[in-house]
Amino acid sequence: MHKAKTHKHVNHMNSVHSSQKDENASLASISLPPRPETIDDRIRFQIEKLTEENSSVWTSPDYNRREYLHSFFQYPAMMVPAVQRLVVNIIQASKPGIKNVVDPFMGSATSLVACMENGLNCYGQDVNPLAKLIAETRTGPYYVEAIKERKLHLLDAISKDDAVNIEANFIGLWKWFKTDVAIELSKIVRAIRKEQRLAIRRFYWVNLAEVVRISSNDRTSTFKLHARPIEEINVRNISPIREFKNRLSKSIEDLERFRDFLAANGRLSKGSYKGIKKITLQDSTKRIVTPKGQKDFFDLLVTSPPYGDNKTTVTYGQHSFLPLQWIDLEDIDESAGNGFLKTTMEIDSRSLGGRIKHLSDLQLESLFIKSRTFEMVYKQLLFTTNERLKKVMIFIQDLFSVVEQISYVMKPNSYQVWTIGNRTVGGVEIPNNQILKEFMSHVGCKLVAEIEREIINKRMARRNGDSVLMNVEDILIFRKVG
């Protein structure tokens, strides 16, 4: 199997239009081999061709971050949308007629936003309520003019609010927020609640989430909740209202920019996406949501799962805990209030590998059959701590559960794009890429192409006390044989 290698290179563009022009030129260069034998051959040919033309195309493609609404909220480990869009374009050019795409680990919906530009029906799900809120906002509707008009009423309501009651109530409130900060955040919350349109409230909530993140006493240099030193908290002077006003203006500009881009490509109707977009709060180890529970429904999967349990890799849930305390959860999803915030670790506990449970010898042997690589890793981990071993075992089991759920809902000969990285635990490398390949083979999928890229544009933690993440990740493209 050919493996495209990349080298570190960064070249940020200053203009959205120049970024789009350059990418359009790249897309125009997509051509099929003179005598393509199969669709798989076409995909491999394009990947090899683009890699030869520009060795950094997979690591640091030229794009403008604000073009993709990245500025809404600093969600951990966000993918580079231009990379995903390029892979999707290659697959669509090689196999026209693709309609329905799914991301079972959508996070902040970067993959869905990239697929919307191709007019695909987009289905995304995640176990994190904040991810659902961000995804709902980034995928529209894009009521820019209404938001501009309603913004004046919002800011007026904030300015006229002289109440000092606090709208959040949870254990640790005063550890994480100074009194003046909590009062200002409460004024914003009460003003948002006066907005009648749900889509606009969600837009406001996302902006508030980022303000909560930067105005709290949390040390923002890490994804884990970690309070700043008391002396730093005492001298820190930040106004949530001022920050909210500034952020709202920038977010409206970005929303308008993306709205105009979609409209120019014929993807919008009255401010809403023409295709289907369905965002679900759902644990992907248990179910992949399809219309009416249909099997063999999706033509394409584009995703990037966690590289290990959240508690020891990227703590998405901890990162979301404080913002969610200030947001009306019913505006996110009717089930968002079902215990997601009972502890700072609850969301992470519901993610892959988050629930420590016993695996029987039969279950363990079943995993070994599905992945001999995991069996070798397991034997190496026997020399580390029992806790580390259990975390890896449960994560791998949960990862296979997702692979199995996905196999039910993908059409025969559909394609899957997985971006995954390895990590080390207790000095032992966990080759997630190889384990995933073996899992996919077990459920009847063939590896079509593999791209290695350096992680230089993806915001994620590199190490903590239990785990170290690698600085490269693999884009693995599979086809469901059938």
Side-chain angles (χ1 to χ4, degrees), residues 4 6 13 16 19-20 22-24 26-27 30 43 46-47 50-51 54 56-70 72 75-95 98-126 131 134-135 138-139 258 261-262 265 267 273 275 277 279 298-307 406 414-421 433 436 448-460 472-479:
T6 60
M13 302 300 287
V16 173
S19 170
Q20 293 167 359
D22 288 346
E23 182 162 329
N24 289 338
S26 296
L27 297 181
I30 290 181
I43 293 171
Q46 283 304 322
I47 289 172
L50 288 175
T51 305
N54 179 5
S56 68
V57 68
W58 307 111
T59 294
S60 53
D62 298 329
Y63 79 105
N64 187 308
R65 286 181 176 272
R66 293 185 67 187
E67 174 187 355
Y68 298 94
L69 307 177
H70 261 28
F72 277 16
Y75 199 78
M78 289 191 290
M79 284 295 298
V80 180
V83 171
Q84 292 181 310
R85 184 169 64 177
L86 190 53
V87 174
V88 171
N89 282 333
I90 289 172
I91 294 175
Q92 279 197 292
S94 303
K95 186 183 181 181
I98 290 174
K99 293 182 180 180
N100 302 313
V101 63
V102 62
D103 185 347
F105 302 101
M106 67 180 177
S108 59
T110 298
S111 63
L112 301 184
V113 169
C115 289
M116 286 172 66
E117 297 179 24
N118 289 45
L120 298 176
N121 296 328
C122 297
Y123 297 78
Q125 59 187 64
D126 203 285
I134 298 169
R138 291 184 74 189
T139 56
F258 190 64
F261 176 74
L262 289 178
N265 287 276
R267 305 300 186 200
Y273 181 55
K277 66 107 176 177
I279 309 298
F298 294 111
D299 305 293
L300 178 65
L301 175 143
V302 183
T303 196
S304 180
Y307 302 164
I406 288 169
S414 59
Y415 286 86
Q416 299 182 34
V417 181
W418 291 74
T419 301
I420 194 164
N433 54 357
L436 178 62
V448 174
E450 182 175 358
I451 305 165
E452 184 180 276
R453 66 179 299 272
E454 287 188 74
I455 307 173
I456 60 177
N457 288 325
K458 193 169 180 180
R459 185 174 180 265
M460 60 194 302
V472 296
E473 60 189 4
D474 287 327
I475 301 173
L476 305 176
I477 302 174
F478 301 93
R479 176 173 58 83

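Note that this is a predicted model, so its numbers are computed, not measured.
- Taking SG of Cys115 as the reference point, atom CG of Leu300 lies at 6.0 Å (rounded to 0.5 Å).
- Residue Leu112 is tested with Ile279, Leu120, Val102 for a side-chain contact (heavy atoms from CB on, under 4.5 Å); the sole match is Ile279.
- Closest of all the heavy-atom pairs between Trp58 and Leu86 is CZ3-CD2, 3.9 Å.
- Atom OG1 of Thr59 and atom CD of Glu473 lie 9.0 Å apart (nearest 0.5 Å).
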### Message
One pair to check against side chain to side chain contact (heavy atoms under 4.5 Å, CB included): Ile451 and Thr51. What are the steps and the verdict?
### Response
CA-CA 9 Å; Ile451 305 165; Thr51 305; 5.6 Å; no

### Task
Quick one: do Arg453 and Thr419 satisfy side chain to side chain donor-acceptor pair (under 3.5 Å)? Show the steps, please.
CA-CA 10 Å; Arg453 66 179 299 272; Thr419 301; over 6 Å; no

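- Within the 3.5 Å criterion, the main-chain N or O of Gly107 finds a donor-acceptor partner in the side chain of Asp126.
- With rounding to the nearest 0.5 Å, the separation of CD in Gln84 from CG in Asn89 is 12.0 Å.
- Each of Val101, Asn118, Val448, Val417 was checked for a side-chain contact (heavy atoms from CB on, under 4.5 Å) with Ile91, and the lone residue meeting it is Val417.
- Here Leu262 contributes atom CG and Arg267 contributes atom CZ; the two are 8.5 Å apart, rounded to the nearest 0.5 Å.
- The heavy-atom pair separating Ala135 from Thr139 by the smallest distance is O-OG1, 2.7 Å.
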### Message
Checking Ile90 against Ile43 for the side chain to side chain contact (heavy atoms under 4.5 Å, CB included) test, could you report, in this order, the C-alpha distance in whole Å, the side-chain angles of both residues, the deciding distance, and whether it holds?
### Response
CA-CA 6 Å; Ile90 289 172; Ile43 293 171; 4.2 Å; yes

### Residue pair Tyr415, Phe478: steps toward the ring-ring contact (aromatic ring centres under 6.0 Å, His included) verdict
CA-CA 6 Å; Tyr415 286 86; Phe478 301 93; over 10 Å; no

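- Between the side chain of Asp299 and the backbone N or O of Asn100, at least one donor-acceptor pair lies under 3.5 Å.
- Between the side chain of Asp474 and the backbone N or O of Leu476 there is no donor-acceptor pair closer than 3.5 Å.
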### Task
Decide yes or no on side chain to side chain contact (heavy atoms under 4.5 Å, CB included) for Ile406 and Gln416, but give the supporting numbers first.
CA-CA 10 Å; Ile406 288 169; Gln416 299 182 34; 3.8 Å; yes

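- Checking side-chain atoms of Asn54 against main-chain N and O of Ser56 turns up a donor-acceptor pair under 3.5 Å.
- For the atom pair CG (Leu301) and CZ (Phe105), the distance works out to 9.0 Å, reported to the nearest 0.5 Å.
- Inspection of the Trp418 and Thr303 side chains reveals no N or O donor paired with an N or O acceptor under 3.5 Å.
- Taking CZ of Phe258 as the start and CE of Met116 as the end, the distance is 5.5 Å to the nearest 0.5 Å.
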#### Entry: Trace of the side chain to side chain contact (heavy atoms under 4.5 Å, CB included) decision for Arg479 with Ser414
CA-CA 6 Å; Arg479 176 173 58 83; Ser414 59; over 6 Å; no

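- Side-chain contact between Ile420 and Ser304: absent, with no pair of heavy atoms (C-beta onward) separated by less than 4.5 Å.
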